[in-house]
Amino acid sequence: MMRTDKIRRGLAQGRLGVIALLAASITGCAAASVVLGAVGLFAGLGGLGLGLMIGMATLPFWVGGLFLVGGPVWAVLHWARRRDRLTAVVVGSGVAAVATPFTLWAFATGLSFTVDPNAVGIVLLSALPAAVGGAAAGFTACRLAYDDGQVR
């Protein structure tokens with residue numbers, strides 16, 4: 001009987017983790033979309049629309065990144081008992097700010113990782129919306145998983 005309870009609790013925590021990562025993906029995408037829209041606004045309303053569309057098109061990358069990178073990072077932080085919001089926000093921001101330009105660099109160069117002086121600025125500028133989105137994703141995952149004593 002005791003083992004069944006542990007299994008059920010583990011499955012419930014796993015489902016909660018998946019829900020937290022999905023919600024964090026959507027939140028990160030939305031935050032990045034808002035930042036890209038705001039940056040695009042400097043070019044006028046057309047730039048605002050383009051920025052928002054580009055931001056929304058990143059949702060599959062947020063979902064993939066949060067499960068492939070964010071999940072293991074979260075597991076390490078959980079194991080290390082670093083379960084506070086500040087840690088989640090700082091680490092989420094940092095990981096996203098590094099992973100996004102790296103991913104864009106990989107796609108832009110066809111995985112050859114050559115340096116194109118014309119694209120360096122655009123790739124590096126992607127770190128800002130990614131950092132904002134990563135911070136929002138970290139906050140969301142932490143809030144869903146740890147507030148109200150659900151997972152400890």
Side-chain angles (χ1 to χ4, degrees), residues 13-152:
Q13 289 176 347
R15 284 191 300 265
L16 180 64
V18 168
I19 291 168
L21 287 175
L22 285 172
S25 299
I26 292 167
T27 304
C29 178
S33 296
V34 168
V35 172
L36 287 170
V39 169
L41 192 57
F42 289 109
L45 289 179
L48 170 67
L50 182 62
L52 290 173
M53 286 189 330
I54 291 171
M56 288 184 287
T58 65
L59 182 60
F61 295 100
W62 279 101
V63 172
L66 272 164
F67 278 90
L68 295 175
V69 178
V73 169
W74 184 10
V76 168
L77 291 173
H78 182 81
W79 177 77
R81 300 198 184 281
R82 298 302 308 253
R83 302 171 187 166
D84 58 287
R85 286 187 191 168
L86 180 61
T87 299
V89 168
V90 169
V91 171
S93 179
V95 168
V98 171
T100 299
F102 185 77
T103 303
L104 282 176
W105 184 26
F107 277 107
T109 62
L111 298 176
S112 67
F113 294 101
T114 56
V115 177
D116 178 7
N118 298 325
V120 169
I122 294 170
V123 169
L124 291 179
L125 282 175
S126 69
L128 173 65
V132 172
F139 177 85
T140 302
C142 185
R143 173 118 168 87
L144 285 173
Y146 298 122
D147 284 3
D148 303 319
Q150 294 181 28
V151 176
R152 286 288 168 187

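We're numbering straight along the sequence, starting at 1. Source: prediction; values computed, not measured.
Nearest heavy atoms, R83 versus H78: NH2-O, 2.7 Å. G134 approaches A96 most closely through the heavy-atom pair CA-CB, 3.7 Å. Shown here for G138 and A88, the closest heavy-atom pair between the two residues is O-CB, 3.3 Å. Across all non-hydrogen atoms, the minimal contact from A131 to S93 is O-OG, 3.3 Å. Closest approach of S33 to G55, counting heavy atoms only: OG-C, 2.9 Å. Between S126 and P129, the shortest heavy-atom contact is O-CD, 3.5 Å.
Here L21 contributes atom CG and T140 contributes atom OG1; the two are 11.0 Å apart, rounded to the nearest 0.5 Å. If you take CH2 on W74 and CZ on F67, they are separated by 9.5 Å, rounding to the nearest 0.5 Å. Atom OG1 of T27 is separated from atom CZ of R143 by 11.5 Å, given to the nearest 0.5 angstrom. Atom OG1 of T58 is separated from atom CD1 of I54 by 9.5 Å, given to the nearest 0.5 angstrom. Taking CG of L52 as the reference point, atom CG of L36 lies at 8.5 Å (rounded to 0.5 Å). Here C29 contributes atom SG and L59 contributes atom CG; the two are 4.5 Å apart, rounded to the nearest 0.5 Å.
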side-chain contact (heavy atoms from CB on, under 4.5 Å) between V95 and V69, worked out
CA-CA 8 Å; V95 168; V69 178; 3.6 Å; yes

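The 12-atom threshold is not exceeded at CZ of R82, counting heavy atoms of other residues, nucleotides or ligands nearer than 6.0 Å.
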